[in-house]
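What follows is a single structure, written as structure tokens, with notes after it.
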Amino acid sequence: MSQYNSDLLRLLDERGYVHQMTDAAALDALAQKQVVPGYVGFDATASSLHVGHLVQIFLLRRLQQAGHKPIVVMGGGTTKIGDPSGKDESRKMLTTERIEENIAAIRPTFERLLDFSGPNAAIMVNNDEWLSALSYIDLLRDVGPHFTINRMLTFDSVKLRLDREQPLTFLEFNYMILQAYDFRELSRRHACRLQMGGSDQWGNIVNGIELGRRVDGTELFGVTTPLLTTADGKKMGKTAAGAVWLNDDMLPAYDFWQYWRNCDDRDVGRFLRLFTDVPMDEIAQLEALEGSAINEAKIRLADEVTALCRGEDAALSARKTAEDVFARGGVGEDLPELALPAEGMPIVAALTAIGFTKSNGEAKRKVAEGAVKLDDAAVGDPQMIVTPRADQPVKLSLGKKRHGLLTLQG
């Protein structure tokens with residue numbers, strides 16, 4: 001039985017989203033009384049978000065499912081500065097045009113997972129709209145007096161960087177002030193009462209709550225999620241081949257599906273709660289499966305997350321490809337492809353070019369370990385040249401789980 005009375009906090013609590021909360025009783029009461037607009041901020045440093053962002057996106061989905069209003073804040077302004085939270089070094093500067101392109105490329109992800117029409121329609125806003133219009137003197141006068149350097153130095157985002165003796169620029173030091181300003185501005189423009197984010201954002205969220213209270217006398221709230229790692233201690237959304245991107249053009253649907261299908265047995269129940277709409281009683285049955293039967297739960301997880309993030313067709317295609325490759329030993333239609341010139345390419349270069357290894361050195365090691373196959377036959381020579389066929393692709397495999405197609409350049 002949940003300790004909360006509102007649909008919102010009960011939903012967040014039972015599915016495992018809550019790490020810290022400011023004044024839970026007051027937020028619980030507010031969520032029973034009225035529609036609560038809530039936001040999460042996303043910086044536009046790339047043309048796609050990745051699986052590491054998915055918990056925050058699903059926070060907004062849960063907010064909407066509980067009858068409240070999600071606000072997606074794209075950090076067109078703050079991306080120009082860079083959030084120091086959890087970073088060891090300064091972020092590369094992007095042009096305004098590139099940031100706008102990234103935001104446009106990211107939007108379809110939110111359109112799949114949130115409803116932008118109806119009574120509690122989601123909205124997407126860009127904080128560049130108000131941050132770029134700020135006068136530096138006005139910011140210092142209006143906001144500066146509410147922040148002390150003493151307190152700012154105690155926040156993890158600053159303290160950890162300084163403890164590691166990594167440089168923290170004055171530009172980045174201002175990030176927390178601008179994020180607090182965002183919350184106050186969203187409160188004024190959209191009656192936003194709630195900011196949500198990862199546990200590393202706690203200090204930034206508290207700053208915004210205090211600024212809103214001191215300047216406008218508005219009661220604002222914050223919720224953070226636990227730091228999400230996989231059961232083996234790895235950061236969520238990172239693999240040996242790189243980030244698990246949400247956008248189709250950054251990662252094939254098959255690879256996205258496989259990421260979830262290959263998760264640790266211990267993560268299945270937690271991931272079903274966080275990243276799918278499967279009912280809780282059904283999740284309890286799925287996570288109780290043992291031995292090889294747990295693979296049924298993993299396939300359900302992969303199907304559900306891929307359908308939500310990529311669409312039903314992508315999920316069906318990815319699953320069919322997996323069945324073709326694994327169950328029948330064939331060549332699926334949805335595998336990543338690499339076009340080779342007629343004269344061929346060294347096997348190590350092909351492994352790296354298709355994204356299975358990070359370098360030719362790593363590829364050589366994999367060949368030496370016997371982990372590389374062409375058309376299911378082991379490759380023993382790292383100097384081997386792979387020659388493409390005109391009539392059908394060559395299947396390239398690394399281990400049991402990574403497969404791709406080598407085709408002839410057209």
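In this structure a side-chain-to-backbone donor-acceptor pair under 3.5 Å is present from Ser48 to Asn247. Looking only at distances, a side-chain donor or acceptor of Asn262 sits under 3.5 Å from a matching main-chain atom of Gln258. With Gln179 contributing its side chain and Ile205 its backbone, the two residues share no donor-acceptor pair below 3.5 Å. Within the 3.5 Å criterion, the main-chain N or O of Glu129 finds no donor-acceptor partner in the side chain of Asn126. For the pair Arg112 (side chain) and Cys309 (backbone), a donor-acceptor distance under 3.5 Å is present. Judged by distance alone, with hydrogens and angles left aside, the side-chain atoms of Lys69 form a donor-acceptor pair with the main-chain N or O of Ala121 at under 3.5 Å. The backbone N or O of Asp182 sits nowhere less than 3.5 Å from a side-chain atom of Asn127 that would complete a donor-acceptor pair. A distance-only check finds no donor-acceptor pair linking the side chain of Ser187 to the backbone of Phe183 [under 3.5 Å]. One N or O on the side chain of His50 and one on the backbone of Gly52 form a donor-acceptor pair closer than 3.5 Å. For Arg15 (side chain) and Thr276 (main-chain N/O), a donor-acceptor pair under 3.5 Å exists by modelled atom type.
When all heavy atoms of Pro336 and Tyr254 are compared, the closest pair comes out as CD-CD2, 4.2 Å. When every heavy atom of Phe356 is checked against every heavy atom of Leu396, the shortest pair comes out as CE1-O, 3.8 Å. The two residues Thr225 and Gln56 come nearest to each other via the heavy atoms OG1-NE2, 3.0 Å. Minimum interatomic distance between Pro382 and Lys364 (heavy atoms only, all atoms of both residues): CB-CG, 4.2 Å. Residues Ile103 and Gly76 approach most closely at CD1-CA, 4.2 Å, considering heavy atoms. The minimum heavy-atom distance linking Asn360 with Val348 is given by the pair OD1-O, 3.4 Å.
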Exercise for the section: Could you go through the side-chain hydrogen bond (donor to acceptor under 3.5 Å, both in side chains) check for Asn204 and Gln201 one step at a time? Expected result: CA-CA 5 Å; Asn204 291 335; Gln201 295 298 315; 3.0 Å; yes
Practice task
Would you check, one step at a time, whether the test ring pair (Phe, Tyr, Trp, His ring centres under 6.0 Å) holds for Phe42 with Phe110?
Solution key: CA-CA 11 Å; Phe42 301 86; Phe110 290 101; 5.0 Å; yes
Handout entry: salt bridge (Lys or Arg N to Asp or Glu O under 4.0 Å) assessment of Lys358 paired with Glu362
Key = CA-CA 7 Å; Lys358 288 186 176 179; Glu362 182 190 352; over 6 Å; no
Exercise for the section: Give the intermediate values and the outcome of salt bridge (Lys or Arg N to Asp or Glu O under 4.0 Å) for residues Asp277 and Arg61. Expected result: CA-CA 10 Å; Asp277 293 335; Arg61 183 177 175 85; 2.5 Å; yes
Problem - Residues Val73, Val40; criterion side chain to side chain contact (heavy atoms under 4.5 Å, CB included); working and verdict - result: CA-CA 6 Å; Val73 177; Val40 179; over 6 Å; no
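More than 12 heavy atoms of other residues, nucleotides or ligands sit less than 6.0 Å from atom CD of Glu369. More than 12 heavy atoms of other residues, nucleotides or ligands shown are found within 6.0 angstrom of CD on Glu111. Enclosure of atom CZ in Arg10 by more than 12 non-hydrogen atoms of other residues, nucleotides or ligands within 6.0 angstrom is indicated.
Under the 3.5 Å distance criterion, with hydrogens and angles disregarded, no donor-acceptor pair is assigned to the side chains of Asn102 and Thr45. No donor-acceptor contact under 3.5 angstrom links the side chains of Asp7 and Gln65, judged on distance only. With no hydrogens or angles considered, a side-chain donor-acceptor pair links Ser6 and Asp28 at under 3.5 Å. A donor-acceptor pair shorter than 3.5 Å cannot be found between the side chains of His19 and Thr224.
Atom CD of Glu101 and atom CG of Leu94 lie 10.5 Å apart (nearest 0.5 Å). For the atom pair CG of Asp255 and CE of Met250, the computed distance is 13.0 Å after rounding to the nearest 0.5 Å. If you take CE on Met124 and CG on Leu60, they are separated by 9.5 Å, rounding to the nearest 0.5 Å. The line from CD of Glu210 to OG1 of Thr22 is 10.5 Å long, rounded to the nearest 0.5 Å.
For the pair Ile347 and Leu374, the minimum side-chain heavy-atom distance is below 4.5 Å. Using a 4.5 Å heavy-atom threshold, the side chains of Asn207 and Leu211 count as separate. Arg310 has its side chain within reach of Leu251: a pair of non-hydrogen atoms, C-beta onward, lies under 4.5 Å apart. Here the side chains of Leu27 and Arg193 are not in contact, with every heavy-atom distance at 4.5 Å or above. Annotation: side chain of Val72 is not in contact with side chain of Ile123 (no heavy-atom distance under 4.5 Å). Looking only at side-chain heavy atoms (C-beta outward), Arg270 and Leu228 come within less than 4.5 Å of each other. Counting heavy atoms from C-beta on, the side chains of Trp257 and Thr321 never come closer than 4.5 Å. Residues Gln195 and Leu220 form no side-chain contact, since every pair of their non-hydrogen atoms from C-beta on lies 4.5 Å or further apart.
For the pairing with Arg273, the salt bridge (charged side-chain N to carboxylate O under 4.0 Å, His left out) check across Glu287, Glu304, Glu14 returns one residue only, Glu287.
Between Trp260 and Phe256, the two ring planes are perpendicular [angle over 60°; tilted spans 30° to 60°].
When ring centroids are compared, Phe58 and Tyr17 stay outside the 6.0 Å threshold.
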